[in-house]
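Worksheet: the structure to be examined is printed underneath.
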Amino acid sequence: MPRLNLDHLALAAARIHTADQVRRDPAVVKAAKRFAEDSAQALRSGAALAREAKSSWRRHSPLTKGAGTDE
């Protein structure tokens with residue numbers, strides 16, 4: 001039966017504890033919330049850009065202006 005390496009186990013526990021401390025750090029929590037808000041705003045802005053580009057394409061397309069394609 002394999003033996004537990006207590007040094008590796010202790011190191012893993014210490015890393016888990018450190019990761020939890022970092023996750024709970026107020027500065028990290030604040031930055032994560034701001035990142036989420038900024039990301040949501042970027043998605044909204046990207047969607048608005050796509051809508052405006054589509055609308056502009058329709059306004060400037062010769063096919064919607066009745067120019068026809070008789071060449």
Side-chain angles (χ1 to χ4, degrees):
M1 183 169 170
R3 299 181 67 196
L4 288 176
N5 185 331
L6 295 180
D7 290 334
H8 284 359
L9 188 59
L11 182 59
R15 286 181 175 162
I16 290 169
H17 179 72
T18 300
D20 188 53
Q21 286 180 322
V22 169
R23 182 186 63 85
R24 293 173 186 243
D25 187 286
V28 173
V29 170
K30 182 179 178 181
K33 285 181 182 178
R34 185 157 185 198
F35 174 76
E37 292 166 359
D38 291 348
S39 297
Q41 181 59 44
L43 288 172
R44 287 190 294 270
S45 297
L49 171 62
R51 284 190 305 273
E52 291 300 328
K54 186 176 181 180
S55 177
S56 180
W57 183 271
R58 288 180 179 160
R59 284 193 308 273
H60 294 93
S61 175
L63 297 178
T64 60
K65 291 181 180 180
T69 56
D70 301 328
E71 291 186 22

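FYI, side chains are in, hydrogens and waters are out, and symmetry mates aren't considered; it's all heavy atoms of this structure.
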Task: R23 atom CZ, neighbour heavy-atom count above 12 within 6.0 Å - done: yes

- Is there a donor in the side chain of S55 and an acceptor in the side chain of R59, or the other way round, less than 3.5 Å apart? yes

To the nearest 0.5 Å, atom OG of S39 lies from atom CG of L43 at 7.0 Å

Between the CG atom in D20 and the CG atom in D25, the distance rounded to the nearest 0.5 Å is 11.5 Å

Donor + acceptor pair across side chains of E52, S56 (<3.5 Å): no

